[in-house]
Protein chains: 2
Amino acid sequence: MNTRFAVATHILTFLHTQDGRPATSELVASSVSTNPTLIRRLLSELAKAGLTTSQMGAGGGALLARPGNRITLLDVHRALDAEGTIFPLHQEPNPQCPVGRHINGVLRRRLSDVEKAMEAELARTTIADMAQDVANANRQG
Amino acid sequence: MNTRFAVATHILTFLHTQDGRPATSELVASSVSTNPTLIRRLLSELAKAGLTTSQMGAGGGALLARPGNRITLLDVHRALDAEGTIFPLHQEPNPQCPVGRHINGVLRRRLSDVEKAMEAELARTTIADMAQDVANANRQG
DNA sequence: TTTGTCTGTTACAAAAATGGTTACATATCA
DNA sequence: TGATATGTAACCATTTTTGTAACAGACAAA
């Protein structure tokens, strides 16, 4: 299982609920139920993508780099995964075979439409939406 | 990298081009550039999903279980992957935390829309389409 | 300026998933 | 009966993901 996307979304949603107060990797880790190093590794990738910033030193921690309504799940996906990793192609099918010679080009074209559809849907949810959903769930149950 | 989907699609496209002649796992493996056991493992899953049949014994091999224009890439995806495996959730976030308590339910709902969009797009391509694309590529160079 | 806190990163181990190889019982055709 | 091919299991190597420990450097607070 690759839960990096789910954990990264959890982190960002958590940061949103902190409302400007820096959150330490230890605090975030306790919400996710994992260890601080894993959180810091993911935060490092999210920071490289411009989604979060961090303050070192006492009283420091992680913050959203911009308002949660301007961070989408597509941003999260792109921060973590290179393109074409949802349905990776197999390498070097037999070039002597009429099918093997062209299957990857054909697949790439068809699957790029699939990824586009997926990305369009990912882009429709923001971290602010996530936080709102979580708040609603807390109010109701 | 998980290339099972790509390889399975390759297999089915190859079977389509065989036009009713049973293909041995060794023949298919040579097109994919892998080993016959891997092919047989995938064929076994495809057969369970009703997409292929196999004939044991001399002169045997694998066949499409129905016409290629009635097998979509969505069928392939469903034959290989359980639901919710594209973006797996992390298990047991902290139930003491307002975010941890509800993040997975919220994520599941939002991501199910994403998978639906993806599946709708996968359903638009059939194995016959794939074979046609490959044939066109061969005609053109 | 000193002390304590927290990040960023590395190293290494553990666990899980994927793919490759071998082997063999069983089914089927000729 | 003999040759062929599937289905499946066992086992290993490789890669990816996750967990754990360690530590230099940045920063705040006293």
Side-chain angles (χ1 to χ4, degrees), chain A residues 1-8 10-11 15 18 21-30 32-65 79-82 85-94, chain B residues 1-8 10-11 15 18 21-30 32-49 51-65 79-82 84-94:
Chain A
M1 289 293 178
N2 178 348
T3 62
R4 284 158 43 87
F5 177 84
V7 172
H10 185 152
I11 293 173
L15 294 185
Q18 288 297 99
R21 281 164 300 173
T24 67
S25 60
E26 186 164 349
L27 178 61
V28 178
S30 89
V32 176
S33 289
T34 184
N35 59 84
T37 299
L38 176 64
I39 300 297
R40 293 209 290 271
R41 280 201 282 239
L42 284 170
L43 274 172
S44 165
E45 297 185 54
L46 295 174
K48 269 171 197 146
L51 306 185
T52 62
T53 60
S54 286
Q55 292 172 11
M56 295 181 111
L63 295 165
L64 294 186
L80 301 180
D81 298 303
T85 49
I86 299 294
F87 292 113
L89 303 184
H90 52 311
Q91 34 247 54
E92 310 195 14
N94 189 345
Chain B
M1 290 289 180
N2 179 346
T3 61
R4 285 158 42 88
F5 177 83
V7 172
H10 184 150
I11 292 172
L15 294 186
Q18 288 298 99
R21 279 163 301 172
T24 68
S25 60
E26 186 165 350
L27 179 61
V28 178
S30 89
V32 176
S33 287
T34 182
N35 58 84
T37 298
L38 176 63
I39 299 298
R40 293 209 291 270
R41 280 201 283 239
L42 283 170
L43 274 172
S44 166
E45 297 184 55
L46 295 173
K48 270 172 197 146
L51 305 185
T52 62
T53 59
S54 285
Q55 292 173 11
M56 295 181 110
L63 295 164
L64 294 187
L80 301 180
D81 298 303
T85 49
I86 300 293
F87 292 112
L89 304 184
H90 53 311
Q91 33 247 53
E92 309 193 13
N94 189 345

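Chain naming here is simple, since letters A, B, ... match the order of the sequence lines and numbering starts at 1 in each. What you see is a predicted model, and the numbers here were worked out from it, not measured in a lab.
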Close side-chain approach of B:Ser25 and B:Arg40, heavy atoms under 4.5 Å
yes
For a 4.5 angstrom cut-off between non-hydrogen side-chain atoms, does A:Leu27 reach A:Gln18?
yes
Please produce a list of atom pairs where a protein N or O lies less than 3.5 Å from an N or O of nucleotides 1-5 of chain D.
{"from": "D:dT4", "atom 1": "O2", "to": "B:Ala58", "atom 2": "N", "distance (Å)": "3.1"}
{"from": "D:dA5", "atom 1": "O4'", "to": "B:Gly57", "atom 2": "O", "distance (Å)": "3.1"}

Rounded to the nearest 0.5 Å, how far apart are [atom1] of [X] and [atom2] of [Y]?
| X | Y | atom1 | atom2 | answer |
| --- | --- | --- | --- | --- |
| A:Thr52 | A:Leu64 | OG1 | CG | 8.0 Å |
| B:Ile11 | B:Ile39 | CD1 | CD1 | 4.0 Å |
| B:Asn2 | A:His90 | CG | NE2 | 12.5 Å |

Within this structure, what is the [atom1]-to-[atom2] distance between [X] and [N], rounded to whole angstrom?
| X | N | atom1 | atom2 | answer |
| --- | --- | --- | --- | --- |
| B:Lys48 | D:dT6 | NZ | P | 16 Å |
| B:Leu46 | D:dT8 | CG | P | 13 Å |
| B:Ile39 | D:dG7 | CD1 | P | 13 Å |
| A:Asp81 | D:dT17 | CG | C1' | 13 Å |
| B:Leu80 | C:dA17 | CG | C1' | 15 Å |
| A:Asn2 | C:dA15 | CG | C1' | 14 Å |
| A:Leu63 | D:dC27 | CG | P | 14 Å |
| B:His90 | C:dA15 | NE2 | C1' | 19 Å |

The residue, A:Ser44 or B:Asn35, whose nearest nucleotide of DNA chain C is more 5′ is A:Ser44
Where the side chain of B:Ser33 meets the backbone of A:Asn94, is there a donor-acceptor pair that is under 3.5 Å apart?
yes
Please tell me which of the listed nucleotides, [options], lies nearest to the side chain of [X]?
| X | options | answer |
| --- | --- | --- |
| A:Arg41 | C:dT10, C:dG8, C:dT22 | C:dT10 |
| B:Thr3 | C:dG19, D:dT8, C:dT9 | C:dG19 |
| B:Leu38 | C:dT18, C:dG19, D:dT20 | C:dG19 |

Taking all non-hydrogen atoms of both residues, which atom of B:Ala82 and which atom of B:Thr85 are closest, and how far apart?
O-OG1, 2.8 Å
Hey, does the side chain of A:Thr34 come within less than 4.0 Å of D:dT18's phosphate (OP1/OP2), counting only N and O?
no
Distance check: side-chain N/O of B:Thr37 vs OP1/OP2 of C:dG19, anything under 4.0 Å?
no
